Amino acid sequence: MTDAEVTDCLARGRAGDEKAILELFHYMHPHVAKLVQANLPHRESAEDLIQQACVKVMSHLDQFSGKVPFLHWVSRIAVNTCLNQIRHEKRRPEVRLADLSEDEATVVEHLAAAPDELDASDHVASKELVDKLLLTLKPADRLLMRLMYLEGRQVDEIAKLTGWSKSLIKVRAFRARSVLRRSYGTLMKENP
Amino acid sequence: MNPLDDQLDRLFRAAGQARLGPVPEPAYGVETRVLAAWRAGQGRDSGIWDVALLVRGLIVASVIMALSFLPALKSSSETTSPFADFVQLTDSTVSSDDAP
């Protein structure tokens, strides 16, 4: 759907056309789902949260000014819904080698053994290992690390998505990275 | 670069390439909820005005309350001590008792 088509849908929606609203919903749903799934892995309530974010978007649709692309606006609502959901989650104190699956332990070995990039066969285990390491961070820092390192988003983009200032993002990223380095260092020390 | 940082970077790059699970289809009944939310959002205009009116009413009421308390505050500040009346009464009683 192009920006013009979105604008057209919004205009029809404002005139009371429910079909246009459903078109918008089906357009944004995969985008919201991807964002929620990326930021809340292994979570049974992800589907509920996707719905929650979509409902929030629709109930505030009349507040969309059109100054930013529609999907950017939707992303911001989806990310904030995730943040609200994880805000009170507890963090795990540390990750030990014994907590890792066989594949994850192999990834640690591969990383230490050679300076090469990991094989495609290690990607899933790497993702799971990263998920475990991220649990040692505060929920907001965890979300930031995902946006920054797993989704490869720039500071500007994260600032728009979360509403945090650029300096806050940089400070949080630096702090979170230090915690991750420490957690990963503990794993490496245990690695025979 | 710290070797740990290098390894972390490689780990993140590999994790970033892992494919996420398939995007789920909207669950049954979501369309209805979404439409309901949209309708509620549309009808919110009058609700916002109601709230604004309530807030204005509260502000006016607080100002009236504050103004009505002003004379009382003024008279209490003129009195030097809260026990002034009591002391004055006691004095007059004592002096009248001592009188022959």
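Below, all heavy atoms of this structure are taken into account, side chains as well, without hydrogens, waters or symmetry copies. None of the values given here were measured: they were computed from a predicted structure. Proteins come first, then strands; the chains are lettered A, B, ... in the order of their sequence lines, and each starts at number 1.
Counting heavy-atom pairs closer than 4.5 Å to chain B, the top residue among A:G152, A:A125, A:G13 is A:G13.
Atom CD of A:Q154 has 12 or fewer heavy atoms from other residues, nucleotides or ligands within 6.0 Å.
Heavy-atom distances place both the backbone and the side chain of A:L180 under 4.5 Å from chain B. With a 4.5 Å cut-off on non-hydrogen atoms, A:L111 touches chain B through its backbone and its side chain both. Looking at A:D116, the atoms closer than 4.5 Å to chain B (heavy atoms on both sides) all sit in the backbone: N, CA, C or O. Both the backbone and the side chain of B:L11 come within contact range of chain A, each with at least one heavy atom under 4.5 Å from a heavy atom of that chain. Looking at A:V107, the atoms closer than 4.5 Å to chain B (heavy atoms on both sides) all sit in the side chain, from C-beta outward. With a 4.5 angstrom heavy-atom cutoff, A:Y149 touches chain B via backbone and side-chain atoms both.
Side-chain atoms of A:H26 and B:E31 include a donor-acceptor pair closer than 3.5 Å.
Ionic pairing of A:R182 and A:E94 is not present here: no N-O contact between side-chain nitrogen and carboxylate oxygen is shorter than 4.0 angstrom. Ionic pairing of A:R146 and A:D131 is present here: one or more N-O contacts between side-chain nitrogen and carboxylate oxygen are shorter than 4.0 angstrom. Remark: A:K132 does not engage A:D99 in a salt bridge, criterion side-chain N to carboxylate O under 4.0 Å.
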